[in-house]
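Predicted, not measured: the structure shown is a model, and the values here were computed from it. One-based numbering along the sequence shown.
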Amino acid sequence: ARAFVQDNRACKSFSKLRSAIGGVYAWRSANASAETEKPRMLAEADFAFRQAWALCPTSPEAVYRCANLLLGAGRKDDALLVADTAARLDPSNPSFGHLCRELQRASSGR
């Protein structure tokens, strides 16, 4: 387990794969014809995106997909937590700081 966690390429790869699976669930939630399927697929997308983010918390794909899903679900504080964590872990990536500012603006209603 330690070797996997220390293998940056493996973590990024598995994060990307899990994010892709989350995208399928998000699409199925948005396009479901049965109302019972929508919340089930949304919950699966949420879980997949959180796992992708946990595997690689500095992956822009994982951060943005997770934050967008949370924001769409009305969970602005959780989306900001994801973005802020990424910004703290990778301060050299200006897109995370920009995302934080946009989410803060959305939270304040401006």
Side-chain angles (χ1 to χ4, degrees):
R2 182 186 296 182
F4 175 79
V5 173
Q6 293 174 339
D7 187 342
N8 196 34
R9 281 193 282 180
C11 289
K12 282 182 180 181
S13 296
F14 277 90
S15 173
K16 187 161 187 67
L17 292 170
R18 193 62 177 133
S19 184
I21 292 167
V24 172
Y25 284 125
W27 183 89
R28 286 188 63 191
S29 174
N31 294 286
S33 57
E35 286 302 314
T36 56
E37 187 177 9
K38 288 180 187 249
R40 209 165 39 94
M41 293 297 108
L42 187 61
E44 291 298 332
D46 178 45
F47 186 57
F49 289 146
R50 283 185 289 130
Q51 284 183 326
W53 178 65
L55 283 163
C56 189
T58 58
S59 162
E61 180 179 5
V63 171
Y64 276 88
R65 289 184 108 173
C66 189
N68 283 332
L69 184 87
L70 293 168
L71 188 61
R75 296 167 54 191
K76 293 176 187 174
D77 290 341
D78 291 337
L80 184 56
L81 179 64
V82 167
D84 185 56
T85 301
R88 288 173 191 246
L89 291 172
D90 188 4
S92 66
N93 188 335
S95 66
F96 295 145
H98 177 72
L99 179 60
C100 288
R101 288 188 295 280
E102 290 298 316
L103 291 170
Q104 287 168 342
R105 204 170 302 146
S107 294
S108 66
R110 290 187 244 159

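- Applying the side-chain hydrogen bond (donor to acceptor under 3.5 Å, both in side chains) test between Arg88 and each of Asp84, Asp90, Thr85 identifies Asp84 as the sole match.
- Between Val63 and Leu99, some side-chain heavy-atom pair lies under the 4.5 Å cut-off.
- Transitive grouping of hydrophobic side chains (ILVMFWY, heavy atoms separated by less than 4.5 Å) brings Ile21 and Met41 into a common cluster.
- Put simply, CG on Asp77 and CD on Gln104 are 10.5 Å apart, with the number rounded to the nearest 0.5 Å.
- Closest non-hydrogen pair, Ser15 versus Ala52, comes out as OG-O, 2.7 Å.
- Annotation: side chain of Leu103 is not in contact with side chain of Lys76 (no heavy-atom distance under 4.5 Å).
- Lys38 and Ala30 get closest at one heavy-atom pair: NZ-O, 4.1 Å.
- Leu42 and Leu70 fall into different hydrophobic clusters, where Ile, Leu, Val, Met, Phe, Trp and Tyr residues are linked whenever their side-chain heavy atoms come under 4.5 Å apart, directly or through other members.
- Using a 4.5 Å cut-off between side-chain heavy atoms of Ile, Leu, Val, Met, Phe, Trp and Tyr, with links allowed through other members, Tyr64 and Leu69 fall into different hydrophobic clusters.
- For the salt bridge (charged side-chain N to carboxylate O under 4.0 Å, His left out) with Asp46, the lone residue among Arg75, Arg40, Arg65 that qualifies is Arg75.
- The shortest non-hydrogen separation linking Cys100 to Leu80 is O-CD1, 3.7 Å.
- In this structure, CZ on Phe96 lies 9.0 Å from CG on Leu89, to the nearest 0.5 angstrom.
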Exercise for the section: Before giving the answer on side chain to side chain contact (heavy atoms under 4.5 Å, CB included), spell out for Phe49 and Val82 the whole-Å C-alpha distance, their side-chain angles and the decisive distance to 0.1 Å. Expected result: CA-CA 11 Å; Phe49 289 146; Val82 167; over 6 Å; no
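- Across Gly22 and Ala48, no two heavy atoms sit closer than the pair CA-CB, 3.5 Å.
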Side-chain donor-acceptor contacts of residues 4-12 below 3.5 Å, not counting sequence neighbours, with atom names and distances?
unit_1, atom_1, unit_2, atom_2, d
Asp7, OD1, Arg9, N, 3.3
Asp7, OD1, Ala10, N, 3.2

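- The minimum heavy-atom distance between Ala67 and Ala79, with the atom names listed, is O-CB, 3.5 Å.
- Criterion: ILVMFWY side-chain heavy atoms under 4.5 Å apart, direct or through other members. Under it, Leu55 and Trp53 are not part of a common hydrophobic cluster.
- Listed by first and then second residue, the side chain to side chain donor-acceptor pair (under 3.5 Å) pairs involving residues 25-35 are Arg28-Glu37 (not counting sequence neighbours).
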